[in-house]
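Order of appearance sets the numbers: ligands from 1, and atoms from 1 within every ligand.
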Amino acid sequence: MILILAPNTERQSDEFRQLMAYLDNLPNIKTRLHEESGAQQSLTEVYLIGDTATLSIEDMEALPAVERAVKVSQEYRVLGRHRDDQRSTHFDYNGVRFGQDNLNVFAGLCAVSTPEHVESMLRALQAQGQVCTRMGAYKPRTSPYAFQGHGKACLPYVFELAGKYGIKVIAMEVTHESHVEEIHSALEQTGNPTGVMLQIGTRNTQNFELLKFAGRQQQFPVLLKRGFGITLEESLNAAEYLASEGNRRVVFGLRGMKTNMGDPHRNFVDFSHVPVVKRLTRMPVCIDPSHSVGTRDRGPDGILDVFQVTAQGVVAGANMILVDFHPEPGKALVDGPQALRLDELEYFLEDVRLARETYEARVKLASLNEISEVNE
Ligand code: PEP
Ligand code: MN
């Protein structure tokens, strides 16, 4: 069970002390506190763990400082959607909203190649009014002999250029906790010109120590990608690791599954799970069409498969798109064959806009039909 306390309840207040004294006396029940500090108010939630079956919602809601009580299932306690659970499905980071009700595009370089490429990319994004990007500095590669990313050496110029072009959030993969520290120091060194969303990639979805570390730090939100060869439930539990350690600013990323059955795409596209993740949890859902499809193949109608699956994800309600672009895909150090070109950025964004408009129209249509069902 979760007790949601009245906004701005102070831990020193009499109500809070009375509440905790009462809870501490309940047999076989442990408590765990979660604090969420927003710009306007701070929210405290008390998690009751153990023998909670006999507790009634009414009794709990009558306790001092408690605004609401929610019964939770065992699964995804912090990030899950529970019955009668009206906790928020969004968070703000560096002026950008990440929610189940909006959409952000993170177009950018799979791997940072040169400062010139970074600058061309960011200039193109600014020209299209974009404030988010992806920039890989630490690349987990299948072969130990492949380029591993420029690492911390590229961070200062990436961050400075991001500031110059008004970029507010960069999705950047980390594979080790030292990378988080390097990102933190480089941001400090450059005067925090931008923000970073830590990306935990599909190869590390169940790297529990990395998850715990990224969960304990509160500075950066995290994009956790689904594991390519594990169940959805296992990946959602991995996300819960982040939240259970204290970081709830988590976006869940779909990036296709390995099937190894001679598929036309690099991975089997799993964007039909966008609504599933939104139903099971309160996380915004990201789609990665580039790593799902992995090619620039197009259909007889002339539409690239990367565009097709993006539209499919957006029409289904995706909240974030992570997509590879490169000013010179032939010179990309990683994943050039799947990268879109800068002259395709405007077209891509327009295609996304059409899909999003369709999604919003479909939500309206669904709500109208819900009303007519009630009236029957
Ligand atoms: C990436 O986004 O650059 C990446 C390596 O993705 P994934 O972890 O999905 O393979
Ligand atoms: Mn890649």
Side-chain angles (χ1 to χ4, degrees), residues 104-113 117-118 121 132-144 146-151 154 158 169-176 179 183 196-207 210-211 214 220-230 232 234-236 238-239 242 250-260 263 265-271 273-274 277 283 285-296 305-306 309-310 313 318 320-341:
N104 295 296
V105 180
F106 281 64
L109 308 181
C110 176
V112 170
S113 37
H117 285 151
V118 172
M121 183 73 235
C132 300
T133 189
R134 58 162 295 151
M135 290 280 156
Y138 308 95
K139 299 305 301 179
R141 304 304 302 282
T142 305
S143 163
F147 172 66
Q148 305 282 313
H150 287 310
C154 70
V158 168
V169 189
I170 304 175
M172 185 173 274
E173 180 160 1
V174 292
T175 61
H176 189 266
H179 301 159
I183 289 170
V196 170
M197 176 179 281
L198 304 176
Q199 185 178 320
I200 294 183
T202 196
R203 292 161 189 78
N204 277 310
T205 309
Q206 286 187 311
N207 180 340
L210 182 63
L211 293 172
F220 305 110
V222 180
L223 164 63
L224 176 70
K225 288 203 175 177
R226 176 186 195 164
F228 56 67
I230 56 177
L232 179 64
E234 286 163 334
S235 290
L236 295 177
L242 294 159
V250 183
V251 177
F252 189 79
L254 299 173
R255 48 82 70 205
M257 306 293 292
K258 245 193 202 338
T259 57
N260 286 326
D263 300 337
H265 294 152
R266 184 171 169 181
N267 288 289
F268 195 82
V269 183
D270 55 350
F271 299 168
H273 286 180
V274 167
V277 178
M283 289 183 278
V285 181
C286 174
I287 54 169
D288 179 340
S290 304
H291 289 82
S292 304
V293 168
T295 72
R296 285 185 52 90
D305 291 8
V306 170
V309 303
T310 302
M320 174 171 159
I321 304 168
L322 194 70
V323 55
D324 289 2
F325 272 77
H326 201 282
E328 294 180 279
K331 292 192 183 159
L333 296 173
V334 182
D335 287 347
Q338 72 194 21
L340 302 176
R341 299 187 313 260

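- Atom CZ of residue R134 and atom SG of residue C286 lie 9.5 Å apart, to the nearest 0.5 angstrom.
- For R266 and Q338, the side-chain atoms include at least one donor-acceptor pair closer than 3.5 Å.
- The line from CZ of F252 to CG of L236 is 4.5 Å long, rounded to the nearest 0.5 Å.
- Legend: residues meeting ring pair (Phe, Tyr, Trp, His ring centres under 6.0 Å) with H326, ordered by chain and number and at least two apart, are H117.
- A side-chain donor-acceptor contact under 3.5 Å links S292 to the backbone of R255.
- With sequence neighbours left out, the ring pair (Phe, Tyr, Trp, His ring centres under 6.0 Å) criterion links F147 to H150.
- Going from atom CZ of R226 over to atom CG of D288 covers 13.5 Å, rounded to the nearest 0.5 Å.
- Between the side chains of H265 and D305, at least one donor N or O sits under 3.5 Å from an acceptor N or O.
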Could you pull out the N/O contacts under 3.5 angstrom between ligand 1 and the surrounding protein atoms?
{"from": "ligand 1", "atom 1": "2 (O)", "to": "R134", "atom 2": "NH1", "distance (Å)": "2.9"}
{"from": "ligand 1", "atom 1": "2 (O)", "to": "R134", "atom 2": "NH2", "distance (Å)": "3.3"}
{"from": "ligand 1", "atom 1": "2 (O)", "to": "Q199", "atom 2": "NE2", "distance (Å)": "2.9"}
{"from": "ligand 1", "atom 1": "2 (O)", "to": "K225", "atom 2": "NZ", "distance (Å)": "2.8"}
{"from": "ligand 1", "atom 1": "3 (O)", "to": "R134", "atom 2": "NH2", "distance (Å)": "2.7"}
{"from": "ligand 1", "atom 1": "3 (O)", "to": "K139", "atom 2": "NZ", "distance (Å)": "2.8"}
{"from": "ligand 1", "atom 1": "3 (O)", "to": "H291", "atom 2": "NE2", "distance (Å)": "3.3"}
{"from": "ligand 1", "atom 1": "6 (O)", "to": "K225", "atom 2": "NZ", "distance (Å)": "2.8"}
{"from": "ligand 1", "atom 1": "8 (O)", "to": "T202", "atom 2": "N", "distance (Å)": "2.8"}
{"from": "ligand 1", "atom 1": "9 (O)", "to": "K225", "atom 2": "NZ", "distance (Å)": "2.9"}
{"from": "ligand 1", "atom 1": "9 (O)", "to": "R255", "atom 2": "NE", "distance (Å)": "2.6"}
{"from": "ligand 1", "atom 1": "9 (O)", "to": "R255", "atom 2": "NH2", "distance (Å)": "3.4"}
{"from": "ligand 1", "atom 1": "10 (O)", "to": "R203", "atom 2": "NH1", "distance (Å)": "3.1"}
{"from": "ligand 1", "atom 1": "10 (O)", "to": "R255", "atom 2": "NH2", "distance (Å)": "2.8"}

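- For the atom pair CG of L224 and CD of Q199, the computed distance is 10.0 Å after rounding to the nearest 0.5 Å.
- The Mn ion (ligand 2) has C110 SG, H291 NE2, D335 OD2 as its protein N, O or S neighbours under 2.8 Å.
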